[in-house]
Asker: 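Take this structure first; my questions come after.
Just so it is clear, the model here is predicted, and its values are computed rather than measured. What's counted below: heavy atoms across the whole structure, side chains too, no hydrogens, waters or symmetry copies. Numbering of ligands and ligand atoms starts at 1, following listing order.
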Amino acid sequence: AQGIPDEVMMNTSLIKDLADVAKDSALLQGVLMRIEETPNASELVTYAPFTLFPTPVPKDVFLQALAVQTYYNTLVDQISRDTDFLRDALASTIAVDDFTARLFRIHEQILKEGRSQSIVLGLNRSDYMLDQREDGTSSLKQIEINTFAASFGGLSSRTPDVHRHILKVAGRLEESQRILDNNPAAGLAGAVAKAWELYGSERAVIMFLVEESQRNIFDQRYIENELWKRNIPTIRKRFDDVCKTGSLDQDKRLFVDGLEVAVVYFRNGYMPQNYVSEQTWDARLLMERSLAVKCPDISTHLAGTKKVQQVLARPGVLERFFPDQPQVVEQIRATFAGLYTLDMGPEGDKTVAMALAAPDRFVLKPQREGGGNNIYGSEICQVLEGMNESTERMAFILMDKIHPAPAHNFLLRRDAPLQISNCLSELGVFGAYVRQGKDMVMNECVGHLLRTKSSEHSDGGVAAGVAVLDNPLLV
Ligand code: GSH
């Protein structure tokens with residue numbers, strides 16, 4: 001009800017004018033992306049895809065998501081320090097999933113050598129959908145938490161002004177004043193800056209470890225710029241640069257291209273395809289072994305796996321991390337959807353039977369990031385039956401499918417026709433923390449990200465070309 005009324009959505013000539021205004025506004029505000037044809041040049045760029053209108057989000061659920069974020073930060077950090085927990089939680093997964101196994105081997109090697117750096121920098125984004133209850137209210141359910149390359153904190157710092165402007169031009173001044181400020185770029189950079197300070201060398205740089213193809217460079221540039229504003233130098237390097245010029249000195253200080261690196265901020269390295277050769281893995285290991293602060297370090301990377309997400313939902317597990325804080329446990333647990341093991345044994349067998357009986361109620365998730373990897377509907381049956389009781393199934397977890405209320409909107413994307421779509425949204429909350437030894441020196445919730453996609457797509461984010469940037473309109 002309290003969103004943008006249908007008479008506005010149905011006014012074709014108004015929508016057409018607004019879409020033109022919107023695209024120019026996005027360009028003026030710097031909501032940008034490089035184009036597919038030239039992902040490594042800024043000669044021709046386009047607007048990052050976004051919605052014409054903000055999407056209504058209930059205020060209580062929004063505030064609930066913000067309120068639980070610092071606890072999620074603590075949880076991720078605690079998991080990353082709990083060697084026994086990670087080993088037990090991931091034992092079945094690493095027996096069959098090569099990528100996770102490879103990461104786990106690095107983790108074990110670092111533990112054996114001893115961690116060379118006691119400063120930990122965590123930048124994550126906890127993603128939720130609002131599950132529709134029978135009574136019309138909605139409940140906040142976590143989809144996943146991204147501890148690696150959690151993106152769009154930069155661009156989402158610029159989208160509020162775009163939606164405000166569109167709404168004003170549409171004659172919706174009241175709604176325009178309800179668009180929230182948002183500045184994850186500053187908050188994320190604040191934590192990176194803190195880690196840099198603690199590292200304690202003026203000359204040392206922040207290294208953004210970036211992908212081969214850099215369409216999303218502007219999102220990263222916002223964070224770089226926040227760091228430069230603080231006179232903290234940043235560089236952008238690929239795995240290949242680290243392979244060719246990376247080295248450790250006798251104190252394990254990391255040097256790349258002759259520069260000492262205080263912080264490695266990984267924006268690449270979360271997919272198997274990112275590791276094109278053994279040298280790439282060697283480069284990852286070199287960085288992990290170094291004195292540089294890693295964002296994330298290898299154990300925090302593993303803490304973000306789907307398997308860990310599933311194990312956390314087992315009875316008593318959250319209590320392990322918050323032994324004296326039942327109210328924190330309750331707040332976190334309230335955001336969990338049903339999560340089910342596919343390990344071998346009677347419990348896993350029960351999960352398979354349950355999924356086969358009603359595949360539309362579930363999502364089958366492998367240990368992968370970057371979007372587009374999840375399995376839905378009848379394909380769940382094909383995959384589970386295809387694995388035919390083999391241990392391969394341990395590479396996956398099963399999760400309840402969340403059913404958010406659809407809303408109408410227009411998805412603005414380069415060269416896409418302007419048409420009304422039935423849309424579903426996902427709310428992300430950014431967390432940032434810095435720990436030195438035993439002391440949490442910073443633990444903050446630093447902003448949000450609303451992404452919206454057509455309900456035809458079951459899976460996939462902005463980077464994958466499915467979702468678009470949006471803003472919540474609190475109702
Ligand atoms: N490498 C790109 C970047 O660093 O900007 C994309 C990274 C990426 O896809 N990150 C995932 C994400 O946050 C988490 S692993 N995706 C959000 C989305 O694409 O909507």
Asker: For residues His163 and Ser25, is any side-chain donor paired with an opposing acceptor at under 3.5 Å?
Answerer: no
Asker: Classify the side-chain pair Asn268/Asn274 by whether it contains a donor and acceptor separated by less than 3.5 Å.
Answerer: yes
Asker: Are Asp257 and Lys237 ion-paired here, with the side-chain N under 4.0 Å from a carboxylate O?
Answerer: yes
Asker: Please tabulate, one pair per line, all N/O donor-acceptor pairs under 3.5 Å involving side-chain atoms of residues 102-109, not counting sequence neighbours.
Answerer:
unit_1, atom_1, unit_2, atom_2, d
Arg102, NH1, Glu278, OE2, 3.0
Arg102, NH2, Glu278, OE1, 2.9
Gln109, NE2, Glu113, OE2, 3.3

Asker: Between Asn443 and Thr70, do the side chains contain an N or O donor and an N or O acceptor separated by less than 3.5 Å?
Answerer: no
Asker: What is the ring orientation for Phe99 with His301, classed by angle as parallel under 30°, tilted 30 to 60°, or perpendicular over 60°?
Answerer: perpendicular
Asker: N or O contacts of ligand 1 with protein under 3.5 Å, please list pair by pair.
Answerer:
unit_1, atom_1, unit_2, atom_2, d
ligand 1, 1 (N), Glu211, OE2, 2.6
ligand 1, 1 (N), Arg267, O, 3.0
ligand 1, 1 (N), Tyr270, OH, 3.2
ligand 1, 4 (O), Gln220, NE2, 3.1
ligand 1, 4 (O), Arg267, O, 3.3
ligand 1, 4 (O), Arg267, NE, 2.7
ligand 1, 4 (O), Arg267, NH2, 3.3
ligand 1, 5 (O), Ser151, OG, 3.3
ligand 1, 5 (O), Asn216, ND2, 2.8
ligand 1, 5 (O), Gln220, NE2, 3.3
ligand 1, 5 (O), Arg267, NH2, 2.8
ligand 1, 9 (O), Tyr270, OH, 3.3
ligand 1, 10 (N), Ala149, O, 3.0
ligand 1, 10 (N), Ser151, OG, 3.4
ligand 1, 13 (O), Arg125, NH1, 2.8
ligand 1, 13 (O), Arg125, NH2, 3.3
ligand 1, 13 (O), Ser151, N, 3.0
ligand 1, 19 (O), Val462, N, 3.1
ligand 1, 19 (O), Ala463, N, 2.8
ligand 1, 20 (O), Arg451, NH1, 2.5
ligand 1, 20 (O), Val462, N, 2.6

